[in-house]
2 protein chains.
Amino acid sequence: MSRNSRADVVAAAGRLFARNGYHGTSMRELGRELGLRGSSLYSHITSKEALLLDVVERAAQLFDASAAAALATEGNAERRLRILVAGHVDVVVDHLDEARTFLNEARSLDDASRRRVLDHRDRYERSFRRVLAEGVDEGRFRSDLDPALAGIMLLSILNAIDRWYRPDGPLDRDALVTSIISFVIDGLGGRPVAAN
Amino acid sequence: MSRNSRADVVAAAGRLFARNGYHGTSMRELGRELGLRGSSLYSHITSKEALLLDVVERAAQLFDASAAAALATEGNAERRLRILVAGHVDVVVDHLDEARTFLNEARSLDDASRRRVLDHRDRYERSFRRVLAEGVDEGRFRSDLDPALAGIMLLSILNAIDRWYRPDGPLDRDALVTSIISFVIDGLGGRPVAAN
DNA sequence: CCTACCGATCGGTAGG
DNA sequence: CCTACCGATCGGTAGG
């Protein structure tokens, strides 16, 4: 049994913040999770809130990297949209605790930190909006589409995945992405090309 | 300046729980919100957690009533779906604090209460699933539609409304409902009947 | 990473 | 609805 690294502390904090919330997690509980005293955590970190910021920024970086990779990909808007969605799903499934903390606990940050996190969120949202607008320009999506509103609704679907999706359930990751894309592009009433 | 009623306490609790979370709200703060001491709250309630349950159950009842009214309405699936969505929007916009507390703070309830709230949530979700399945039966929605999955995605959109929608913004309530219905039925690529 | 501890605050009760 | 409290717990520091 070796000592804990700072990364261990951040990972354990993500687990507890995701499960019980920031205010619902005490430093003593976090210490217990790592097999040490709450006070010992302060040799790794400077404050509880700085720890929250670490967790949240880790998630923000992952989402950033995913969006950057999608936007750097060649292809039409539909293909790029699928990569954007698949990247989001990967982040949520592979880094569930950080993603949840990012989505639900950012409000507990102080004003300056929260502002920076919201900026990340806005930039991420703009990536979606851009690809949606490209799709309209390409004549691939409805010309009367509002990319801002559509982006919000697509992201609403993506940001709720952590509330219901189980990677070990009947729907594998790729099928999840396909379902979302199909729902978003064809809708409830849409007639898929093959069926028309 | 008259005394506070129990309903006042529940309403104020909804405000603070929605804004700062259950664990982020102290009884002394709640008292301050109402112009009295934290300890005085206990003449209205029995515990902080019972207060959370009051707020959450109020929201659950509103959602229940909305779904019941929609399902009691005559008409085809598309019409019933619109009523279901409009009812949800009404609850969220008119009872924002309770809706937020319902969505984000139910996990802080004890096991038995949380279980009951989740049952409410499941029943509500089934109402959506039922109307979606009706639409498939009527030949109005895609025959390959998975009503369970589509219900989750529609509800994901609805449950995120409180995170971005401002009733005093450019989009009024009815336009919001229309946008959601259009997004969900026609999708990004769907060709509206008139444009085909 | 530990023990020992700090002042502040927590939910809640007693007794008016 | 108030004052006066209760024991427990909070985030964090000092000093090894």
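Here is how names work: the chains are called A, B, and so on, in the same order as the sequence lines, proteins then strands, and each is numbered from 1.
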Asker: Output all residues satisfying ring pair (Phe, Tyr, Trp, His ring centres under 6.0 Å) with F183(A), sequence neighbours left out; order by chain, then residue number.
Answerer: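 In terms of ring pair (Phe, Tyr, Trp, His ring centres under 6.0 Å), with neighbours along the sequence ignored, F183(A) is linked to no residue.
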
Asker: Residues two or more places apart in sequence or in another chain: which of them pass salt bridge (Lys or Arg N to Asp or Glu O under 4.0 Å) with R82(A)?
Answerer: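 Applying salt bridge (Lys or Arg N to Asp or Glu O under 4.0 Å) to R82(A) gives D174(A).
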
Asker: For the residue pair H88(B) and F63(B), does the interplanar ring angle fall in the parallel (under 30°), tilted (30 to 60°) or perpendicular (over 60°) class?
Answerer: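 Geometry flag for F63(B) against H88(B): tilted rings.
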
Asker: Among T46(B), T25(B), L41(B), L30(B), which residue satisfies the side chain to side chain contact (heavy atoms under 4.5 Å, CB included) criterion with L51(B)?
Answerer: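 With L51(B) as partner, side chain to side chain contact (heavy atoms under 4.5 Å, CB included) holds for just one option, L30(B).
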
Asker: Which residues pass the salt bridge (Lys or Arg N to Asp or Glu O under 4.0 Å) test with R123(B), not counting sequence neighbours?
Answerer: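 D64(B).
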
Asker: Give the rounded distance in Å between these two atoms: CG of L34(B) and C1' of dC1(D).
Answerer: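 So the CG-C1' distance, L34(B) to dC1(D), works out to 12 Å.
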
Asker: For F128(B), which residues count as a ring pair (Phe, Tyr, Trp, His ring centres under 6.0 Å) partner, sequence neighbours excluded?
Answerer: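 Expected list: Y124(B).
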
Asker: If you compare every side-chain N and O of R3(A) against the phosphate oxygens of dC1(C) (OP1, OP2), does one of them come in below 4.0 Å?
Answerer: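 So the side-chain polar atoms of R3(A) do come within 4.0 Å of the phosphate oxygens OP1 or OP2 of dC1(C), strictly under.
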
Asker: Classify every nucleotide of nucleotides 4-16 of chain C by which part a protein heavy atom approaches to under 4.0 Å, writing B for the base, S for the sugar-phosphate alone and - for neither, in 5'-to-3' order.
Answerer: B-----BBBB---

Asker: Has R58(B) got its NZ or CZ under 6.0 Å from the middle of the six-membered ring of F102(B), at an angle within 45 degrees of the ring axis?
Answerer: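 Judged by the rule (NZ or CZ under 6.0 Å from the ring centre, within 45° of its axis), R58(B) is not positioned above F102(B).
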
Asker: Quick check against the 3.5 Å criterion: does E49(B) have a side-chain atom that pairs as donor or acceptor with the backbone of D110(B)?
Answerer: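 It does hold such a pair.
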
Asker: Between dC1(C) atom C1' and L30(A) atom CG, what is the distance in whole Å?
Answerer: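 Roughly 14 Å, once rounded to whole Å.
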
Asker: Picking from dC1(C), dC2(C), dC1(D), which would you name as closest to the side chain of S43(B)?
Answerer: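 Of the candidates, dC1(D) comes closest.
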
Asker: In dot-bracket form, 5' to 3', how is DNA chain C paired? Count Watson-Crick and G-U wobble pairs only if both distances fall under 3.5 Å, and write | where the partner sits on another strand.
Answerer: ||||||||||||||||

